[in-house]
Amino acid sequence: MRHHTALQDLLQTRHSCRAFKPDHVPQQVIAQILLDAGRAPSWCNAQPWKVIVTSGAQTESFRTAMAAAFDTGLPSPDYPFPNTYTGAHQQRRRTCGFQLYESVGIGRGERDRRAQQMRENYTFFGAPHVALITCPKELGPYGVLDCGGFITAFCLSAKAQGIGTVPQAALSLFSDVVRGHFDIPEDRNVLAAISFGHSDDSAPINRFRTERANLEEFVEWKG
């Protein structure tokens, strides 16, 4: 019988963590995760990602700024968000949303509670750390592609070391606030963030798991 590899185990057990314990992750562990993520492939080995990692008071300051942006700000993403979801993409998005709301007891008509849950994105679900990823404007979509590989590698390395993660495009919705907060130069775009820390496994929101498509849904075999 064929056994799973360590990588397969990580891929199948990793999930987006949406409730964290307050305990900080040791800096040497964070450094190892970043080094591992930096092994992700990139076009011409450009390694376009730059990462700002927050801890302690810096996380709290950023948390306050992003919550205020959500409450009062106007969206200003550096990269356009999807205009719409259709077909299978729409169905998967809805299913994920329903699972999330059901896990915390939010009904389909409870708009205020849904908005409050959305706000949790901007307080990082209580995570003690955030890794903010920026990408050079000049590299266009292929720089973004490379940074996506970095984000995946970061999440898998973190999982291997017992650290929970949640990649978040939501924070880039207020790119101007993020840029001002960290004094990010204009030649770099705010792409996404990863909130991370020790998962609170007792939280109901951390118990649901999203589904994955089977091969027939996304592969065409030729030959």
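For Gln28, the CD atom sits in a packed shell: over 12 heavy atoms of surrounding residues, nucleotides or ligands are nearer than 6.0 Å. The environment of CZ in Arg94 is sparse: at most 12 heavy-atom neighbours from other residues, nucleotides or ligands sit within 6.0 Å. The number of heavy atoms from other shown groups lying within 6.0 Å of CD (Glu138) does not exceed 12. No more than 12 heavy atoms of other residues, nucleotides or ligands shown are found within 6.0 angstrom of CZ on Arg93. Surrounding CG of Asn214 are more than 12 heavy atoms belonging to other residues, nucleotides or ligands, all under 6.0 Å away. Counted within 6.0 Å of CZ on Phe98, heavy atoms from surrounding residues, nucleotides or ligands total more than 12; the atom is thus considered enclosed. Under a cut-off of 6.0 angstrom, the local environment of CD in Glu60 is crowded, with over 12 non-hydrogen atoms contributed by other residues, nucleotides or ligands. Under a cut-off of 6.0 angstrom, the local environment of CG in Leu74 is sparse, with at most 12 non-hydrogen atoms contributed by other residues, nucleotides or ligands.
Proximity of a side-chain donor or acceptor of Thr59 to a complementary backbone N or O of Thr54 within less than 3.5 Å is detected. Counting only distance, with no hydrogens or angles, the side chain of Arg63 and the backbone of Ala127 share a donor-acceptor pair below 3.5 Å. Proximity of a side-chain donor or acceptor of Ser157 to a complementary backbone N or O of Ala153 within less than 3.5 Å is not detected. With hydrogens and angles disregarded, no donor-acceptor distance shorter than 3.5 Å links the side chain of Ser61 to the backbone of Ala57. A distance-only check finds a donor-acceptor pair linking the side chain of Asp200 to the backbone of Ser202 [under 3.5 Å]. A donor-acceptor pair under 3.5 Å links the side-chain atoms of Asp146 to the main chain of Trp43, judged by distance alone. Between the Arg92 side chain and the Glu211 main chain, no donor and acceptor come within less than 3.5 Å of each other.
Val51 and Ile163 fall within a single hydrophobic cluster, where Ile, Leu, Val, Met, Phe, Trp and Tyr are joined by side-chain heavy atoms under 4.5 Å apart, directly or via other members. Both Val53 and Ile151 belong to a common hydrophobic cluster when Ile, Leu, Val, Met, Phe, Trp and Tyr are linked at side-chain heavy-atom distances under 4.5 angstrom. Phe81 and Val177 fall within a single hydrophobic cluster, where Ile, Leu, Val, Met, Phe, Trp and Tyr are joined by side-chain heavy atoms under 4.5 Å apart, directly or via other members. If you chain together hydrophobic residues whose side chains sit under 4.5 Å apart, Val190 and Tyr122 fall into the same group. Linking Ile, Leu, Val, Met, Phe, Trp and Tyr whenever their side-chain heavy atoms come within less than 4.5 Å puts Trp49 and Phe154 in one cluster.
Counting only heavy atoms from C-beta outward, the side chains of Asn206 and Phe125 never approach each other to under 4.5 Å. Counting heavy atoms from C-beta on, the side chains of Ile33 and Lys159 never come closer than 4.5 Å. Inter-residue side-chain proximity for Pro128 and Ser55 is flagged as unmet; no heavy-atom pair is nearer than 4.5 Å. Side-chain contact between Leu171 and Phe70 is absent, with no heavy-atom pair separated by less than 4.5 Å. A 4.5 Å side-chain heavy-atom check between Gln161 and Val25 finds every atom pair outside the cut-off. For the pair Gln117/Ile205, a side-chain contact is recorded, criterion being any heavy-atom separation below 4.5 Å from C-beta on. Using a 4.5 Å heavy-atom cutoff, the side chains of Phe218 and Arg212 are not in contact.
With rounding to the nearest 0.5 angstrom, the CZ atom of Phe182 is 7.0 Å from the CD atom of Gln58. Between Ser195 atom OG and His129 atom NE2 the span is 11.0 Å, to the nearest 0.5 Å. Atom NZ in Lys50 sits 13.0 Å away from atom CG in Leu132 (nearest 0.5 Å). With rounding to the nearest 0.5 Å, the separation of CD1 in Ile106 from CZ in Arg113 is 4.5 Å. With rounding to the nearest 0.5 Å, the separation of CG in Leu145 from CG in Leu139 is 11.5 Å. For the atom pair CG (Asp201) and NZ (Lys21), the distance works out to 6.5 Å, reported to the nearest 0.5 Å.
In plain terms, the two heavy atoms of Ala65 and His181 that are nearest each other are CB-ND1, 3.9 Å. Between Asp23 and His198, the shortest heavy-atom distance links the atoms O-CD2, 3.6 Å. Of all heavy-atom pairs spanning Tyr85 and Gln90, the tightest one is O-CB, 3.4 Å. In plain terms, the two heavy atoms of Arg209 and Arg207 that are nearest each other are NH1-C, 3.6 Å. Residues Pro48 and Pro136 share a closest heavy-atom pair of O-CD, 3.3 Å. Residues Ile30 and Phe196 approach most closely at CG1-CE1, 3.8 Å, considering heavy atoms.
The side-chain tip of Arg108 does not point at the ring of Tyr101 from less than 6.0 angstrom away and within 45° of straight on.
The side chain to side chain contact (heavy atoms under 4.5 Å, CB included) test with Met66 singles out one residue from Thr123, Val178, Asn121, and that residue is Val178.
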Checklist line | Intermediate values then yes/no, side chain to side chain donor-acceptor pair (under 3.5 Å), Asp36 and Gln32 | finding: CA-CA 6 Å; Asp36 291 345; Gln32 187 60 60; 2.9 Å; yes
Next item on the list: For Ser103 and Gln99, run side chain to side chain donor-acceptor pair (under 3.5 Å): C-alpha distance rounded to whole Å, both residues' side-chain angles, the deciding distance at 0.1 Å, then the answer.
Entry: CA-CA 6 Å; Ser103 73; Gln99 287 179 298; over 6 Å; no
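In this structure, Arg119 pairs ionically with Asp71, as a charged nitrogen and a carboxylate oxygen lie closer than 4.0 Å.
In this structure, the ring of Phe124 has its center no less than 6.0 angstrom from the ring center of Phe20.
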